[in-house]
Amino acid sequence: MGFADQRFNVNLSILFTELPLLERPAAAAAAGFTAVELWWPWVDSPTPEQSELDALKKAIEDAGVQLTGLNFYAGQLPGPDRGALSVPGEESERFRANIDVAAGFAQSLGCTALNALYGNRVEGVDPAEQDALALENLALAARAADRIGAVVLIEALNAPESPLCPIVSAPKAVEIVDKVNAATGLGNARFLMDLYHLSMNGEDLPAVIDRYAAKTGHVQIADNPGRGAPGTGSLPLEELLDQLKKAGYDGWVGLEYKPGDRPSAEAFEWLPREARPAR
């Protein structure tokens with residue numbers, strides 16, 4: 001087994017960011033990849049103009065790559081925000097306004113995974129109030145995803161880098177997954193297992209895989225320390241992905257790492273070119 005047996009996609013919101021958004025799908029294709037994923041690209045607008053959506057759709061189609069994952073609107077990301085759906089007031093409304101837009105864009109490109117980032121705790125707001133709002137919004141997102149045959153992903157971030165986010169462990173993220181599925185009865189909420197974030201939390205990664213592989217809808221990787229490419233840190237990513245595959249996970253593995261002080265096109269030497277196209 002090994003890296004060559006995985007299905008990788010490139011996250012165009014952290015790699016190839018030295019290029020304009022509309023040039024990134026072609027750059028990923030030129031690097032040998034056939035699948036990409038994105039954070040919500042319009043950080044200031046949950047409802048961009050149709051012309052902007054159409055331009056990105058065309059860029060993805062013209063590049064000949066498949067969009068396999070998309071975030072719902074999540075506020076300023078990268079930046080101070082960690083999602084919008086649990087934040088009362090304007091941000092929650094922006095998330096709701098984005099649900100059908102994001103789902104429609106995903107459907108137009110055959111994308112079947114939508115990541116719903118939870119958001120930070122807000123000073124002066126009862127956490128129970130935020131959690132109730134989050135469950136309500138996640139249920140709306142899950143129903144919209146179900147209408148296009150997609151899953152909603154719940155991601156655990158890491159406490160050192162996201163100290164205000166309450167979803168900073170695999171068990172907590174899976175608890176939310178189970179609550180959403182119970183609320184909707186649809187069963188299409190899934191765990192997003194980001195091995196970098198979980199390692200930053202000090203979690204036992206082989207144990208997490210054993211326990212939660214069956215509830216995992218997507219995997220993302222970066223090495224640790226540094227959040228760089230595989231091989232730049234000390235995580236046994238090849239072994240962990242092998243373990244996931246043996247546990248029955250056959251989905252996408254998102255490359256969500258920083259290229260370092262070099263062009264993104266040079267940050268894939270760890271993966272033979274013949275292993276980059278999706279199979």
Side-chain angles (χ1 to χ4, degrees), residues 37-48 53 69-77 79-107 111-159 162-194 197 212 215-218 220:
E37 64 182 30
L38 281 162
W39 302 342
W40 184 248
W42 300 278
V43 296
D44 294 317
S45 178
T47 55
L53 294 162
L70 178 68
N71 283 18
F72 287 107
Y73 170 80
Q76 296 294 318
L77 187 75
D81 299 331
R82 295 294 183 269
L85 63 90
S86 70
V87 180
E90 184 178 351
E91 281 299 271
S92 170
E93 292 305 316
R94 287 162 75 87
F95 176 82
R96 291 188 185 196
N98 174 251
I99 289 174
D100 286 340
V101 177
F105 184 73
Q107 183 180 32
C111 172
T112 56
L114 291 158
N115 185 18
L117 288 171
Y118 202 84
N120 289 326
R121 290 301 193 209
V122 179
E123 186 176 356
V125 178
D126 184 350
E129 178 187 339
Q130 285 196 256
D131 291 340
L133 176 63
L135 183 57
E136 188 177 325
N137 282 336
L138 284 167
L140 291 172
R143 293 186 182 102
D146 181 67
R147 291 194 290 271
I148 66 164
V151 298
V152 166
L153 300 168
I154 311 296
E155 181 177 7
L157 303 183
N158 74 77
S162 303
L164 298 179
C165 179
I167 313 300
V168 288
S169 74
K172 184 62 178 178
V174 173
E175 176 189 322
I176 302 300
V177 166
D178 290 343
K179 286 181 177 179
V180 175
N181 286 333
T184 65
L186 296 171
N188 69 330
R190 309 282 285 171
F191 175 40
L192 195 168
M193 185 186 293
D194 185 311
H197 287 314
Y212 299 123
K215 294 189 175 186
T216 298
H218 186 44
Q220 291 174 332

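Minimum heavy-atom separation, Val101 to Pro48: CG1-CD, 4.4 Å. When every heavy atom of Ala106 is checked against every heavy atom of Leu114, the shortest pair comes out as CB-CD2, 3.9 Å. Nearest heavy-atom pair, Ala113 versus Leu153, reported as atom, atom and distance to 0.1 Å: CB-CD1, 4.0 Å. When every heavy atom of Asn158 is checked against every heavy atom of His197, the shortest pair comes out as ND2-ND1, 2.8 Å. Scanning all heavy atoms of the two residues, the minimum distance from Pro46 to Asn98 falls at O-ND2, 2.9 Å. Minimum interatomic distance between Ala116 and Val152 (heavy atoms only, all atoms of both residues): CB-CG1, 4.1 Å.
Separating the OG1 atom in Thr184 from the CG atom in Leu140 is a distance of 10.5 Å, to the nearest 0.5 Å. The structure places NZ of Lys215 at 9.5 Å from CZ of Arg190, a figure rounded to the nearest 0.5 Å. Interatomic distance, Leu85 CG to Glu136 CD, rounded to the nearest 0.5 Å: 11.0 Å. Of the inter-residue distances, the one linking Ile99 atom CD1 with Asn137 atom CG reads 6.0 Å to the nearest 0.5 angstrom. Between atom OG of residue Ser86 and atom CD of residue Glu91 there is a gap of 10.0 Å, rounded to the nearest 0.5 Å. In this structure, the separation between CZ on Phe105 and CH2 on Trp40 is 7.0 Å, given to the nearest 0.5 Å.
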Evaluation steps, side-chain contact (heavy atoms from CB on, under 4.5 Å), between Leu138 and Ile176: CA-CA 9 Å; Leu138 284 167; Ile176 302 300; 3.7 Å; yes
Residue pair Leu164, Arg82: steps toward the side-chain contact (heavy atoms from CB on, under 4.5 Å) verdict: CA-CA 9 Å; Leu164 298 179; Arg82 295 294 183 269; over 6 Å; no
Audit row: Leu117, Leu157, side-chain contact (heavy atoms from CB on, under 4.5 Å) steps and yes/no: CA-CA 9 Å; Leu117 288 171; Leu157 303 183; 4.2 Å; yes
Between Cys165 and Asn120, does a side-chain contact (heavy atoms from CB on, under 4.5 Å) hold up when you go through it step by step? CA-CA 4 Å; Cys165 179; Asn120 289 326; 3.8 Å; yes
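With hydrogens and angles ignored, the 3.5 Å screen pairs no side-chain donor or acceptor of Gln76 with any backbone N or O of Asp81. Counting only distance, with no hydrogens or angles, the side chain of Asn188 and the backbone of Ala150 share a donor-acceptor pair below 3.5 Å.
Just one of Glu37, Glu155, His218 meets the side-chain contact (heavy atoms from CB on, under 4.5 Å) condition when paired with Asn115; it is Glu155.
The closest side-chain heavy-atom distance from Leu53 to Trp42 is below 4.5 Å. Residues Leu135 and Val180 form a side-chain contact, since some pair of their non-hydrogen atoms from C-beta on lies under 4.5 Å apart.
Counting only residues at least two apart or in different chains, salt bridge (Lys or Arg N to Asp or Glu O under 4.0 Å) contacts with residues 137-147 comprise Asp100-Arg147.
For Pro166, the side chain to side chain contact (heavy atoms under 4.5 Å, CB included) criterion is met by Tyr118, Arg121, not counting sequence neighbours.
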